[in-house]
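What follows is a single structure, written as C-alpha cells, with notes after it.
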Protein chains: 2
Amino acid sequence: MKPEAASPAYQPLYRQIKLLITEGLESGQWKPGQSIPSELELAKRFNVSQGTVRKAVAELAQENVLVRRQGRGTFVPSHAHERAQAAFLRITPDNAPIHAIHAELVDCCRVKADERSARQLDLDPGASLIRVRRLLSINGRRVICEEARVPAGLFKGLDAAVLESHRCMLYSIYESVFQIRIVAAEERLKALLAGAEIGDFLGLAPDAPVLAVERVAYTYGRRPVELRRGFCNSADHHYANIIS
Amino acid sequence: MKPEAASPAYQPLYRQIKLLITEGLESGQWKPGQSIPSELELAKRFNVSQGTVRKAVAELAQENVLVRRQGRGTFVPSHAHERAQAAFLRITPDNAPIHAIHAELVDCCRVKADERSARQLDLDPGASLIRVRRLLSINGRRVICEEARVPAGLFKGLDAAVLESHRCMLYSIYESVFQIRIVAAEERLKALLAGAEIGDFLGLAPDAPVLAVERVAYTYGRRPVELRRGFCNSADHHYANIIS
DNA sequence: GAGTGGTCTAGACCACTCA
DNA sequence: GAGTGGTCTAGACCACTCA
C-alpha cells in the first residue's frame, strides 16, 4: 500500500489502516475480549511498516476502541469482563467506591420514535424503537431510574425475557446478544424536580431535585444506536467528570 | 542524553523531555500565546532525536498543555485569546451557540480554609484563601452563580479592584495577572434546590432545582490551585459532556 | 526463549504557512 | 523558498508476559 496522491479526500495511510481495523472489529472478525493480530502481522497483512500500524492502533487505543498490553498483545475491550463499564457509568457514591451494581427491570416495550429521537438516531420519524426502563442500585441503594431506547431493527428480540436472563449492564447485553459495541457517548445534564413517577421509583418526594442525564450512545464510526435518559438521586451520589 | 538504565524510577527519555518542557512553561520561559522552539531546535537543545521530542510534545498537546499547528509551530494556549475557555465552561444554551459571556462581581474577600478545602488544595488547615463570588450571564441571561476559592499566597493582590478592571473569565486573570495557568480540572455534579440566596441571584424560586458543579482546578504537575462551586439554572441550559 | 508492545534513532518526503 | 509540523520507513534495542 502506498500513500495516495494529494486530493480533497486525502487520508494518511495510518488512517486508512485505522479504518481497515475498525471494519474488522465491526464485522466481528475480532471479538470483544479477544486479541487482534500483532503489529508485525498487521503490518505484513496491510503491506505497511510496523510504525504505521502502531500509529493507527495508538489512535484506536486512545479512543478506547482497543486496549494495548505490553508483552501480551492488543485486545478488543469488552463491556462484560472489563470495567470498560466504568467509562459509561459516571455516577458514584460521594464517599465510597462502587462494589456492587444491581439492575431491576421496570418494563420493556415497543414505542414509535418521535421526531427528535428519530433525528438523533438517524432513523425515519415513526420508526419502531424498543424502550427499556430499569432501576439501578449502587452498593444496595436504589439511585438511578433510567430509560433506554434503541432501534427495534438493530435489536431484534430484545424483550423482558432477554433482559431478565442477563442481569447485567445493558451495554454487556448489547455486546453479547446483539453484537453491537458502544464506544462513545454524548451527554447533557440538567437538574429537575423528580415528579410523582420518578419520585416513586427512587423513594423521593415529587419536589426533590434529581440529576437528569440525557445520552446519545455511539457504536463504531460514530453511528448513534441508543438514546438514554437517567434520573439520579444525587443526595449521596454525584456525577464525576475529568476535564482535559 | 541517553536512556538511563532500568530502575524502579525508570522513565523513558520522552517523558524526561516532557518534564523539561513543562518546567520551561512553568518558569515562564515560554508564555501563553507564544510559540515554543521548533521540534528540531528542541531536539538539538536536549540532544535527542526529533522523534523523541515529537512524542513528548504530542503527549503535551494531548493534555491541552500545548497546541500544534502544522506549518506554523507549537504554541502555549492562552485562556485569553483562544477559546481554551470552552474546555472549562461546559454549560451551554440548549438550542443556541454561546455568543456572549458576561461576569458580574458579587464580592471578593478573605476566608479561612476549612479542613476539606485545605486538604483539597494541599494547604494547612486554616490557611488564608481569597473567595470570589460572581454571576455569569450567557447570551445576556443570568445563568450561573459561582464561587471560587484560591490560596491567598499564590494570588497576592487579587481583590475587587483587579477583578473589576479585568472583566473576563477568571482563568484569563489567573494567567495574565498571576502567571498561573489552569490546565485540568475534576468536577462533581449534583442536583440541588436553589435556596433563598442562590434563588435570589438567579431569579429563581427557592425550591427550584439547580445544577451544582464542584471543581478542583489544577495547574502544571497536577497541583491544585482553585476550588470552585457553581450553581446553574438548567431550565434552558445544560452541562455538556463527551465520553471517550 | 519466543513473542508482544514500547522506545529511540536517522532519514526521506509531504502538507501547510508565511513572507 | 524557507521553515514548520505530519507521515512513513527500516532497523535497533528495551520491558514485559508467558510457557
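Lettering of chains follows the sequences in order, A, B, ..., and the numbering in each one begins at 1.
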Quick test: give all pairs of protein nitrogen or oxygen and nucleotides 1-4 of chain C nitrogen or oxygen below 3.5 Å, distance rounded to 0.1 Å.
residue : atom : partner : partner atom : Å
C/dG3   : N2   : A/Gly71 : O            : 3.0
C/dT4   : O2   : A/Gly71 : N            : 3.2

*May I have the distance from B/Glu59 (atom CD) to D/dG5 (atom C1'), rounded to whole angstrom?*
18 Å

*Measure from CD1 on B/Ile21 to P on D/dG5 and round the result to the nearest Å.*
11 Å

*Are A/Glu147 and A/Arg229 within salt-bridge range, i.e. N to O under 4.0 Å?*
yes

*Does A/Lys55 make a side-chain N or O approach to OP1 or OP2 of D/dT7 shorter than 4.0 Å?*
yes

_Rounded to whole Å, please give me the gap between CZ in B/Arg68 and C1' in C/dT17._
16 Å

*asked:* Whole angstroms only, please: what is the CD-P distance between B/Gln16 and C/dC8?
replied: 8 Å

*Rounded to the nearest Å, what distance is computed from the CZ atom of residue A/Arg15 to the P atom of nucleotide C/dA15?*
15 Å

*Taking side chain to side chain donor-acceptor pair (under 3.5 Å) as the test, write out the residues that go with A/Glu41, two or more places apart.*
none

*Got a sec, which residues hit side chain to side chain donor-acceptor pair (under 3.5 Å) with A/Thr74, two or more places apart in sequence or on another chain?*
none

*In whole Å, what is the span from the CZ atom of A/Arg54 to the P atom of C/dT9?*
15 Å

*State plainly whether the residues B/Lys190 and B/Glu214 are in salt-bridge range, i.e. N to O under 4.0 Å.*
no

*Atom CD of B/Gln11 and atom C1' of C/dC8: how far apart are they, to the nearest Å?*
16 Å

*Salt bridge between B/Arg222 and B/Glu186, side-chain N to carboxylate O under 4.0 Å?*
yes

*Can you tell which of C/dT9, D/dT7, D/dT9 lies closest to the side chain of A/Tyr10?*
D/dT7

_Base-pairing assignment for C/dC8 (Watson-Crick or G-U wobble, both under 3.5 Å)_ = D/dG11

_Under-4.0 Å salt bridge between B/Glu59 and B/Arg15_ = yes

_Parallel, tilted or perpendicular: rings of A/Phe155 and A/Tyr174 (30°, 60°)_ = perpendicular

_Spacing between B/Phe46 atom CZ and C/dT7 atom P, to the nearest angstrom_ = 19 Å

*asked:* Suppose we define a pair by two distances each less than 3.5 Å, Watson-Crick or G-U wobble; what does C/dT17 pair with here?
replied: D/dA2

